[in-house]
Protein chains: 2
Amino acid sequence: MFEIAQLAGVSESTVSRALSGSPLVNENTRNRILKIARSANYTVNINARNLRQKRTRTIEVLIPLAEYGRQHMSDPFYLDMLGVLADALSERHYDMLLTKRAPWAKGVETNSIQCGRADGIIIMGQGQDLEALRNFTDLYPQVVVWGGHLREDDYIVVGTDNVAGGKLATEHLMKLGRKRIAFLGDPAEPEIALRQQGYRKAFLDNGIAVDESLIFSAPFDAREARASAEKMLQSGVSFDAIFCASDVIAMSAITTLRNAGLDVPRDVAIVGYDDILIANSFGPSLTTVSQRIQEGGKTMVELLLQRIEGKSVDTTLLPVELVVRESCGAP
Amino acid sequence: MFEIAQLAGVSESTVSRALSGSPLVNENTRNRILKIARSANYTVNINARNLRQKRTRTIEVLIPLAEYGRQHMSDPFYLDMLGVLADALSERHYDMLLTKRAPWAKGVETNSIQCGRADGIIIMGQGQDLEALRNFTDLYPQVVVWGGHLREDDYIVVGTDNVAGGKLATEHLMKLGRKRIAFLGDPAEPEIALRQQGYRKAFLDNGIAVDESLIFSAPFDAREARASAEKMLQSGVSFDAIFCASDVIAMSAITTLRNAGLDVPRDVAIVGYDDILIANSFGPSLTTVSQRIQEGGKTMVELLLQRIEGKSVDTTLLPVELVVRESCGAP
DNA sequence: CTGTTAGCGCGTTCAA
DNA sequence: TTGAACGCGCTAACAG
């Protein structure tokens, strides 16, 4: 920067101001400096700037990525979200640091906020260790979590109204005349448990008793979801519809049912959850409860940046919406 | 750090040395300092360290993520790879910066290497602008590219032997007795063009003329791939097998064929390319040419870090391997 | 509008 | 084995 200053015949401060777009600098001076900087192929060193300004314009995104060792597939939902977050952050001139391990995992010494690597963290999914999450956000409030609205937590949550979504999906199947509607999804994940609550609520609100034999647990992984779907078939329990707790589960279920010679939606109607991009390309295309991934991602970025600026922001529940396509058999 | 030094009754230098694991510090002193630092919840500021050391222990990963605006789905291949890269980098104590836009794209002023944000870049896919890529790597050689081996380029490429892979897949279908083997894939992408070369080579090496009417172009996107598969059907050209240039295309083709009442693999045998994690969960499970995603990702990280250290490393072509599952109809 | 001065927090000399 | 001094490259405060 010193060299640029010399070439332009000004002080380093002026160069700094010109390059950071400060209004406190003459139009001509600025243009001259910009030109020289460009021709010298000069760029401001980001570490020095971060050190000085005590901010990084970087957000960490904590996301459950594929575990190759275990042949575990990551849900495309997260990856659709990643695309949205990348765009939303880039639009605000923020960089994205991608991480798999939670800062409270053992073996992790520090976190990106404390060591000055990021200004805030977006955590995808509450995960299993709710207490660790709460302890962490107590210390570092510059966090937004994607997930289910569990109770009056101190951290900011963004997500859809999972109970309403579960109810919406189930009632849609009821209205289509389905009598034996099953639930497929693993309630270990908080969001899934809420969707199951919505499923139950649909029956209760319509004066129908919930048949517990129709509730099947399936983890979020595609391969195991297929295994679960096969168990459903072998259980001998009859059903003419399934509300699947995610689109991945729905696609697995459809594959399994078809392989067993059943027709979707004729024999079994399917409704998924998420509305991932691929849901519309699958055959049959999925009827699903939209998680408004685009809106959700943008909202998370918006709220997090506001929180970093010190503004007070609130947990946000996005309204749900049913996207009707082929798999439910609606006319 | 000054405070920690005071608490420990030593100088800042000693604290710095203790925390960075320097051998130039007494065992007792180190333990005392570590204890104090931990109890004070102190962490070294990463920006100051980076500034001083002129390195960041951060790698940028440039990856084509989903375009939500255009409803464009990103290939799960990239995302499987992302998981592997995250693990490989984390193992070497490197952080991962995720980016969608190439540094040579218009509107991008600088790049992460020049401004000190990253020590190197992993670029997923050569993309369309081969010249821009070459110009960039001329200036910044700390780059590894995943893709096809095009010619003696100056930048480091890691990838599978796409020609051999295309040949392997096609010959496998020949050996299974298929007579009308089609190709589905968009040769605009360099890797796909190479796979098509392999497809042609399989015919030539077996003394069979290539039937150009069996070569169909399909972009990498799932929805358009389905459209292309439908065009194949409507074209009236008969075929009893398809070599699909990616697993995503293969899954789309299978969906389309099944919707049209055809059986896979009985009526049409399918071989894909990539061996993404979901390939084994799909129904029917995909016979596919493995891209050795795990090995490939680890190799990229390994080579890039060596190159950053100044060692000379070479472009690496991973050997291909056919993973035989259900979709090809092998006994 | 511009220059001077100081310091962000660390790692690395050099000297002891 | 430790401490003192310096400077990485930048921006903010102040003075002009």
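Chain letters run A, B, ... following the sequence lines, proteins first, then strands; residues in each count from 1.
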Item to check | All side chain to side chain donor-acceptor pair (under 3.5 Å) counterparts of A:Glu302, not counting sequence neighbours | outcome: A:Arg92
Next on the checklist: In whole Å, I'd like the distance from the CD atom of A:Gln6 to the P atom of C:dG3.
Outcome noted: 12 Å
Identify all pairs in which a protein N or O lies below 3.5 Å from an N or O of nucleotides 11-13 of chain C, and state each distance.
unit_1: C:dG11; atom_1: OP1; unit_2: B:Arg49; atom_2: NE; d: 2.8
unit_1: C:dG11; atom_1: OP1; unit_2: B:Arg49; atom_2: NH2; d: 2.9
unit_1: C:dG11; atom_1: OP2; unit_2: B:Ser16; atom_2: OG; d: 2.6
unit_1: C:dG11; atom_1: N2; unit_2: B:Arg52; atom_2: NH1; d: 2.4
unit_1: C:dG11; atom_1: N3; unit_2: B:Arg52; atom_2: NH1; d: 2.3
unit_1: C:dT12; atom_1: O4'; unit_2: B:Arg52; atom_2: NH1; d: 3.4
unit_1: C:dT12; atom_1: O4'; unit_2: B:Arg52; atom_2: NH2; d: 3.3
unit_1: C:dT12; atom_1: O4; unit_2: B:Ser13; atom_2: OG; d: 3.1

Checklist entry - Is the closest side-chain heavy-atom distance between A:Arg32 and A:Asn28 below 4.5 Å? => result no
Item to check | Short side-chain to backbone donor-acceptor contact, A:Asp119 and A:Arg57, under 3.5 Å | outcome: yes
Next on the checklist: At less than 4.0 Å, is any side-chain N or O atom of A:Thr29 found next to OP1 or OP2 of C:dT2? Yes or no.
Outcome noted: yes
Checklist outcome for this item: Nt span of DNA chain D in reach of chain A heavy atoms at under 4.0 Å, 5' end first, is D:dG9 to D:dA13
Checklist entry - With no hydrogens and no angle check, is any side-chain donor or acceptor of B:Arg307 less than 3.5 Å from a backbone partner on B:Val143? => result no
Checklist outcome for this item: Distance col, row B:Leu305:CG vs B:Tyr94:OH, nearest 0.5 angstrom, shows 5.0 Å
Item to check | For atom CG of A:Asn26 and atom C1' of C:dG3, their distance in whole Å | outcome: 15 Å
Next on the checklist: What contact category does A:Ser22 fall into here, base, sugar-phosphate, or nothing, at under 4.0 angstrom with non-hydrogen atoms?
Outcome noted: nothing
Next on the checklist: In this structure, how many angstroms lie between the P atom of C:dC10 and the CD atom of B:Glu3, rounded?
Outcome noted: 11 Å
Next on the checklist: So B:Val44 and A:Thr110, do their side chains get closer than 4.5 Å, heavy atoms only?
Outcome noted: no
Checklist entry - Between A:Ser11 and A:Thr14, do the side chains contain an N or O donor and an N or O acceptor separated by less than 3.5 Å? => result yes
Next on the checklist: Any non-hydrogen side-chain atom of B:Thr160 less than 4.5 Å from a side-chain atom of B:Leu317?
Outcome noted: no
Checklist entry - Quick one: B:Asn47 CG to C:dG9 P, roughly how many Å, whole number? => result 11 Å
Next on the checklist: Judged by each residue's nearest nucleotide on DNA chain D, which is more toward the 5′ side, B:Lys54 or B:Glu27?
Outcome noted: B:Glu27
Checklist entry - Atom CG of A:Asn28 and atom P of C:dC1: how far apart are they, to the nearest Å? => result 10 Å
Checklist entry - Which is it for B:Ile121 and B:Phe136 under the side chain to side chain contact (heavy atoms under 4.5 Å, CB included) test, yes or no, and what are the steps along the way? => result CA-CA 11 Å; B:Ile121 309 183; B:Phe136 181 77; 3.9 Å; yes
